[in-house]
Amino acid sequence: MKASAGTRETWGSSLGFILAAAGSAVGLGNIWKFPYITGLNGGGAFVLVYLLCITIIGLPVMLCELTLGRHTRRNPVGAFKALSPPSSTLAQLIGAILVFAGFILLCLSTWGWAVTMLLLGAAIFRYSWIVVGAMGVVAGFTILSFYSVVAGWTIGYIWKAVAGQLGFTTVAAAASHFVGFITHPGWAIGCHLVFMLLCMVIVVRGVQAGIERWSKILMPVLFILLVVLIIRGLTLPGAMAGVRFFLSPDFSKINADCILQALGHAFFTLSLGMGAIITYGSYVDKKQNIFLATLSIAGLDTLIALMAGLAIFPAVFAQGFEPGAGPGLVFQVLPTVFNQIPLGALWATLFFLLLMVAALTSGISLLEVVTAYFVDERGWSRSRATIVFGAVIFFLGCFSAVSVTGWERIEWLHRIILAVFGTARGSFFDVMDNLSSNWLLPLGGLFISLFVGWVWGPAKAVAEIRHGSHNFADVHLISLLAGLKDDPSHNSDVHVLTLASIWGFFIRFLSPVAVLVAFLYTIGWLQF
Ligand code: PFF
């Protein structure tokens, strides 16, 4: 039976919803990725650029997604199906551009890309904006398949920390142990399986009894663990050098690359561009202030990313290690750092537990996107959808699990990808990461803001936002900031600078242009 809009489950409380959505946002991106890209991009200056990206792109796009979800009460595909007009010139234009690009690629003989473009263009002609929702569901599959592999490593490292196997005296020793661990198929696949099972056990129980209940338990646990680790790091002698590195900006470090990394990360960290927030928004009731919800979710996500930096850099500097150690920062440098501190095994256990908890609340939101699609659109039961697609994602993830460092174990797949697409940079794990982080998420974000800004229209979106938002959308910003709240002019109709009008401007112009530029740069079609 198809779940009708009237019987759709909703969050039990607004706190539950905020914690679940913040749980989706706060994940490996905050604790594993943010500190190392900050380290590689020179610390404080990168943090400032990142905060700017969150404010001008992240917040507006998140509000788009929540609005789409709550208005339609559907998964991403259903949401676009409900709101797509019968014919959309913009969609046809995008379809035509893709078909044109497909023909050009055909002449250049990269036929895999050409066929992809032609099929995508044809799909857009046929299904219009619904394709954007479908891209979200596909992104849910691909991201969870490799995300779960990294999340699995954290489970393995909790085990190793408890068993006292992380007592490294040099980073080189930690690195060779790490490589041995992630390339061991038994460990890699086993841990990936445990993580997928945890996600499935939670999602199968539904929105209130599963996702909300566990987010309410796990998010406070995450916060407490982080505070304990920050106190431990900051009280080490020499910790202030780490704080200075992390928070004092050096603007000479800012270049195009750094800005684009910050923008890409803003999407990933806020779970934007693929419909996770549309799906969570679809369980929100009309009483919820979604303006405030957007601010709280993005605020919590940013706070936790900054706290993760404060938990990591002071400890790294206090023990005299390198901050810009890349992706290995967390799995190689940190265990070595903890080993030099009294009760090191305890701190290592707490840290990897923190990472696992963060990954779990994000993993369930990724699985929920796929589940909600099959429940809403295909009429499947929740348990069938969760189990079947949890298993499918697990199998897809096995390819990433066995090929993090290279293709040796799946050379046949490598050959197929090379024959079809001409390139296969890095490993299968990298291909999946690249496909979702550099293609599906930015394109999804671009299309979502174009759709809300130009097709559905800010007027209808703002009417939805007004439910439960008091007069938030219509607050006259300038006179409010100027202290003229009680002046008669404050209530006049001629004000143009309201939160709603600024948001409309951002999603129509600023976000699409910024994302398009970033996207073209990332795929190498634009150079600075
Ligand atoms: N926001 C998560 C993180 O920062 O780790 C990753 C993520 C979760 C991306 C859910 C997308 C998503 F739908």
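Everything numeric here is computed off the predicted structure, so don't read it as measured data. Counting starts at 1 for both ligands and their atoms, following the listed order. Residue numbers count from 1 along this sequence.
- Residues meeting the salt bridge (Lys or Arg N to Asp or Glu O under 4.0 Å) test with R205, sequence neighbours left out: none.
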Extract all N/O-N/O pairs under 3.5 Å that connect ligand 1 to the protein, and present each with both atom names and the distance rounded to 0.1 Å.
{"from": "ligand 1", "atom 1": "1 (N)", "to": "S24", "atom 2": "O", "distance (Å)": "3.2"}
{"from": "ligand 1", "atom 1": "1 (N)", "to": "A25", "atom 2": "O", "distance (Å)": "2.9"}
{"from": "ligand 1", "atom 1": "1 (N)", "to": "F268", "atom 2": "O", "distance (Å)": "2.9"}
{"from": "ligand 1", "atom 1": "1 (N)", "to": "T269", "atom 2": "O", "distance (Å)": "3.1"}
{"from": "ligand 1", "atom 1": "1 (N)", "to": "S271", "atom 2": "OG", "distance (Å)": "3.1"}
{"from": "ligand 1", "atom 1": "4 (O)", "to": "A25", "atom 2": "O", "distance (Å)": "3.1"}
{"from": "ligand 1", "atom 1": "4 (O)", "to": "G29", "atom 2": "N", "distance (Å)": "3.4"}
{"from": "ligand 1", "atom 1": "4 (O)", "to": "N30", "atom 2": "OD1", "distance (Å)": "3.4"}
{"from": "ligand 1", "atom 1": "5 (O)", "to": "L28", "atom 2": "N", "distance (Å)": "3.1"}
{"from": "ligand 1", "atom 1": "5 (O)", "to": "G29", "atom 2": "N", "distance (Å)": "2.8"}
{"from": "ligand 1", "atom 1": "5 (O)", "to": "Y147", "atom 2": "OH", "distance (Å)": "2.6"}

> Going through the checks in order, is the ring-ring contact (aromatic ring centres under 6.0 Å, His included) test met by F80 and F451?
Replying inline: CA-CA 9 Å; F80 281 97; F451 179 79; 4.9 Å; yes
Please set out all donor-acceptor pairs under 3.5 angstrom arising from side-chain atoms of residues 347-357, sequence neighbours excluded.
{"from": "W347", "atom 1": "NE1", "to": "P342", "atom 2": "O", "distance (Å)": "3.0"}
{"from": "T349", "atom 1": "OG1", "to": "A345", "atom 2": "O", "distance (Å)": "2.6"}

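- Screening residues 37-66 for side-chain hydrogen bond (donor to acceptor under 3.5 Å, both in side chains), with sequence neighbours left out, gives no hits.
- From S362, atom OG reaches atom CG of L367 across 12.5 Å, with rounding to the nearest 0.5 Å.
- In this structure, the side chain of N30 engages the main chain of G27 through a donor-acceptor pair within 3.5 Å.
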